[in-house]
Amino acid sequence: MIYLDNAATSFPKPEPVIAGVAKYLRDIGGNPGRAAHAPAREASSVIDYTRQSLANFLGNVDPARILFTPSTTVALNLAFKGLLQAGDHVLTTSMEHNSVLRPLHSLEKHGISHTQIPCSSSGELDPTDLPPLIRSNTRLIALLHASNVTGNLMPLTEVAKIAQERGLLLLVDAAQTMGKIQINPASFHIDLLAGPGHKGLLGPMGTGFLYVRPGLELEPLWEGGTGTHSESPRQPETWPERFESGTYNAPGLAGLAEGIAEIQKLGLEVIAARERGLIALLTEGLSQLPGIILYGPRDPHLCTGSLSFNVQNLDCSEVAYILDTAYSIAVRSGLHCAPAAHRTIGSFPHGTVRVSVGPYNTEEEIHTLIHAVSEILKFRRK
Ligand SMILES: Cc1ncc(COP(=O)(O)O)c(C=O)c1O
């Protein structure tokens, strides 16, 4: 099987990640922070170690400001709903995932409004479109770092500069760039950063995080047992446990530390260059086939490891089905939980075929995909 759906979740997971999860389940087993016995102490040190690894990875941020969540989606919900108040206005883009757009939509009933900045038909955001849309009650700019549909990168440096100049908070959805591009929240002036553990960081599913810049206050969305200050009926004030009630996905977090170590061993630059090379190869191969529609900017330097295409007059789900069943190639078709992005690039309501590579994909696999698509085209012509 050729796995080309790394934007959904990365696969295969490296052996140390699998071994880290298994070791936790087999040899550690305790509930972190819930007792003084050895298994619970060892479990706590696993969580601390993963938090510290991620803090180092993000440019030596304060580990207490990293809040573990089960996914990017939960991290984004925590950011929006823990931060915003009635009367606030949010600026976002027309390329966002539903994990940004749906919470913002539901917050409308609480008096929180938002505006989507229109992006171009290739999914690109022009940062000069942003300042005219800032209102007196705009509090936050929320945008993805890279599109999960076209792969194109947003102009984060320019957007961060505008946010800083205008005194606005900046929330970045790094679902598609964590583990692929160095993101140092302090140097980008990012106030909140939401990311997955299970995509570019190569960790298990059920892992994610929200980083919150020191000094920024947030309300917890759920309360309960933290293993600390148990005498009080109130949620503790201390970070990170204020936001982490309930039992952790400790086996997943044990695996995540190994995923981060693997990324550091491979090297972010090497991963990025490899993925860019694979997307460039695919872009070149597909653009030589008649009847292929490519979406997004064609320059791989402007993209991460995802590419969307369609075969003229063939539904994208049919293409994905043939690739899966006849060629054992796993790609994702449809709207990719990002209907606004598909409206922007002109592929709504059917969507596109998305190919998303990871650090272990090879040129040979990309050649096999191009060949498979060329055969689908030939078959369709007959
Ligand atoms: C841009 C973007 N944001 C958010 C998410 C949600 O991530 P998660 O699956 O970790 O909740 C995704 C998932 O694909 C995504 O691509």
Side-chain angles (χ1 to χ4, degrees), residues 3-11 13 54 66-81 90 92-106 116-117 119 123-125 141-154 156 159 170-181 183 190 192-211 221 249 252-253 255-256 259-260 275 295-296 303-308 330-345 351-358:
Y3 184 79
L4 292 169
D5 196 15
N6 288 273
T9 199
S10 53
F11 183 79
K13 304 296 181 191
L54 189 51
I66 291 177
L67 315 176
F68 285 129
T69 61
S71 61
T72 320
T73 303
V74 175
L76 287 164
N77 272 271
L78 175 58
F80 288 125
K81 295 170 184 171
V90 180
T92 188
T93 82
S94 72
M95 287 301 285
E96 301 302 316
H97 191 271
N98 272 342
S99 58
V100 163
L101 294 181
R102 283 184 173 166
L104 286 177
H105 182 75
S106 92
Q116 284 178 31
I117 311 160
C119 295
E124 288 162 297
L125 175 70
I141 301 174
L143 85 169
L144 39 61
H145 192 187
S147 163
N148 63 312
V149 175
T150 55
N152 62 291
L153 286 158
M154 290 290 161
L156 198 50
V159 173
L170 177 62
L171 163 62
V172 176
D173 169 3
Q176 295 301 333
T177 49
M178 274 307 294
K180 292 172 187 287
I181 294 176
I183 311 169
I190 294 170
L192 303 116
L193 180 76
H198 66 102
K199 298 186 200 258
L201 290 179
L202 307 178
M205 280 182 257
T207 60
F209 72 93
L210 177 68
Y211 164 77
L221 297 192
N249 174 10
L253 292 172
L256 175 57
I260 295 169
E275 293 191 4
Y295 298 88
C303 295
T304 52
S306 297
L307 176 146
S308 264
V331 294
R332 181 171 171 194
S333 64
L335 294 177
H336 314 99
C337 299
H342 282 283
R343 280 200 167 89
T344 303
I345 64 171
T352 56
V353 180
R354 181 187 70 188
V355 179
S356 53
V357 298

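When a residue number appears, it is its place in the shown sequence, counting from 1. As the structure lists them, so they are numbered: ligands from 1, and atoms in each ligand from 1.
The closest non-hydrogen atom to atom 13 (C) of ligand 1, taken over Met205, Met95, Lys199, comes from Lys199.
Put simply, the side chain of Thr92 gets close to the backbone of Ala142: a donor and an acceptor are under 3.5 Å apart. Side-chain atoms of Glu96 never come within 3.5 Å of backbone atoms of Leu143 as a donor-acceptor pair (strictly under, hydrogens ignored). Remark: side-chain polar atoms of Gln176 are not paired, donor with acceptor, to backbone N or O of Gly151 under 3.5 angstrom.
Residue-ligand proximity, Gln176 to ligand 1, at heavy-atom distances under 4.0 Å covers atoms 14 (O), 15 (C), 16 (O). Near Ala7, with a cut-off below 4.0 Å to any heavy atom, the atoms of ligand 1 are 14 (O). Close contacts between ligand 1 and Ala175 involve ligand atoms 1 (C), 2 (C), 3 (N), 4 (C), 5 (C), 12 (C), 15 (C) [criterion: under 4.0 Å to a heavy atom]. Per-residue contacts place Ser99 under 4.0 angstrom from the following atoms of ligand 1 (heavy atoms of the residue considered): 3 (N), 4 (C), 5 (C), 6 (C). For ligand 1 and His198, the ligand atoms under 4.0 Å from any heavy atom of the residue are 8 (P), 9 (O), 10 (O).
Protein heavy atom at the shortest distance from atom 3 (N) of ligand 1 is Asp173 OD2, 2.6 Å. For atom 6 (C) of ligand 1, the closest non-hydrogen atom of the protein is Thr73 OG1, 3.4 Å.
Ser99 is linked by a side-chain hydrogen bond (donor to acceptor under 3.5 Å, both in side chains) to His97, counting only residues two or more places apart in sequence or in another chain.
Asp173 CG to Leu192 CG: the interatomic distance, rounded to the nearest 0.5 Å, is 12.0 Å. Rounded to the nearest 0.5 angstrom, Leu210 CG and Leu193 CG are separated by 8.0 Å.
Residue contact annotation: His336 has no non-hydrogen atom under 4.0 Å from ligand 1.
Between Phe11 and Tyr3, the two ring planes are perpendicular [angle over 60°; tilted spans 30° to 60°].
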